[in-house]
Amino acid sequence: MNIASEPVNHPANGPDPLDSGVARFLGLTGTDDGIKLNDIRSKAASELKRFGDDLGQHLQEIGITVPPAIQLRSTEEGGVAIFGDHFGKEKIESFMNADTRLMKWFKEVEVLHEILRRAELRGTGQTAEGQHFNLGLTSLGSIAFFSAD
């Protein structure tokens, strides 16, 4: 199992450097030890909080309140859908899917958490197959989690 200080670019079966484009996306620079899982975890948590705060402000402006919590998930078509029952489901989906800045940011948060999830599962015998990234907006802030099909 990976620990917070374990490099994510050196798997047990040999070196496999993290692509420099991924490192740039993460806003990280590798050292001789590589990029640490903790670096990715920190970046993912920071972006999740920033995105959740920004989205929450925009939703307030269009009359959507939290609570109740909102569960966002990517669709097969590349958009965002609300899972569960929320009084503003259609309004939230329309707003999110029409705002390219928020959509891009949501996808970046999703990718960060998927990189983190795959790194955490490496060497466990488990895969991320069939798992879906979810972003929850709650009255206490935003959370990220994975759910099965």
Side-chain angles (χ1 to χ4, degrees), residues 1-60 64 66-86 89 92-93 95-149:
M1 181 115 197
N2 292 334
I3 57 174
S5 62
E6 181 182 345
V8 295
N9 64 333
H10 296 291
N13 61 354
D16 182 17
L18 187 63
D19 180 82
S20 62
V22 173
R24 278 193 311 276
F25 169 73
L26 295 174
L28 304 171
T29 57
T31 64
D32 290 339
D33 295 333
I35 295 173
K36 307 284 187 202
L37 184 57
N38 196 44
D39 294 336
I40 298 171
R41 199 176 272 126
S42 177
K43 178 72 171 176
S46 172
E47 287 302 306
L48 175 65
K49 180 181 180 347
R50 288 182 54 235
F51 177 81
D53 291 348
D54 189 68
L55 179 59
Q57 288 177 341
H58 286 294
L59 293 179
Q60 281 182 345
I64 303 295
V66 177
I70 300 168
Q71 181 182 350
L72 303 164
R73 184 196 262 183
S74 291
T75 65
E76 295 291 322
E77 297 79 29
V80 171
I82 305 300
F83 277 68
D85 294 326
H86 192 281
K89 180 177 180 168
I92 298 167
E93 288 175 350
F95 175 77
M96 280 288 302
N97 289 308
D99 189 318
T100 56
R101 183 188 67 86
L102 284 175
M103 284 297 298
K104 180 179 181 284
W105 199 357
F106 176 85
K107 295 296 185 180
E108 288 172 357
V109 171
E110 180 179 34
V111 167
L112 281 168
H113 282 85
E114 286 179 354
I115 291 169
L116 182 60
R117 181 73 174 152
R118 290 178 196 283
E120 290 173 335
L121 291 176
R122 190 186 71 214
T124 66
Q126 298 177 342
T127 67
E129 193 71 31
Q131 296 183 10
H132 299 281
F133 172 77
N134 294 265
L135 190 147
L137 256 144
T138 73
S139 58
L140 296 176
S142 51
I143 60 170
F145 61 97
F146 286 84
S147 61
D149 286 330

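Partners of Asp53 according to the side-chain contact (heavy atoms from CB on, under 4.5 Å) rule, which considers only residues two or more places apart in sequence or in another chain, are Lys49. A search for ring-ring contact (aromatic ring centres under 6.0 Å, His included) contacts involving His113 returns Phe133, not counting sequence neighbours. For the side-chain contact (heavy atoms from CB on, under 4.5 Å) test, no residue two or more places apart in sequence or in another chain qualifies with Ser42. In this structure His58 satisfies the side chain to side chain donor-acceptor pair (under 3.5 Å) test together with Asp54, Arg101, sequence neighbours excluded. A search for side-chain contact (heavy atoms from CB on, under 4.5 Å) contacts involving Glu93 returns Ala81, Ile82, Lys89, Asn97, not counting sequence neighbours. Ser46 is linked by a side-chain contact (heavy atoms from CB on, under 4.5 Å) to Arg50, counting only residues two or more places apart in sequence or in another chain.
Side-chain contact between Lys43 and Leu116 is absent, with no heavy atoms from C-beta onward closer than 4.5 Å. When side chains are defined from C-beta on, Leu55 does not count as touching Ile70, because their heavy atoms never get closer than 4.5 Å. With contacts defined as side-chain heavy-atom distances shorter than 4.5 Å, the pair Val109/Trp105 qualifies.
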Original post:
Hey, mind stepping through Val80 and Leu135 against side-chain contact (heavy atoms from CB on, under 4.5 Å) and telling me if it holds?
Top reply: CA-CA 10 Å; Val80 171; Leu135 190 147; over 6 Å; no
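Annotation: the span from Ile40 atom CD1 to Arg117 atom CZ amounts to 14.5 Å, rounded to 0.5 Å. Rounded to the nearest 0.5 angstrom, Lys107 NZ and Phe51 CZ are separated by 10.5 Å. A distance of 10.0 Å separates NE2 in His132 from CD in Glu114, rounded to the nearest 0.5 Å. Distance CD/Glu110 to CG/Leu72: 10.5 Å, rounded to 0.5 Å.
A side chain to side chain donor-acceptor pair (under 3.5 Å) with Ser147 is found for exactly one of Arg73, Gln131, Gln71, namely Arg73.
Of all heavy-atom pairs spanning Leu37 and Ala119, the tightest one is CD1-CB, 3.7 Å. Pairing each heavy atom of Ser142 with each of Leu48, the nearest pair is OG-O, 2.9 Å. In plain terms, the two heavy atoms of Phe106 and Ser74 that are nearest each other are CE2-OG, 3.3 Å.
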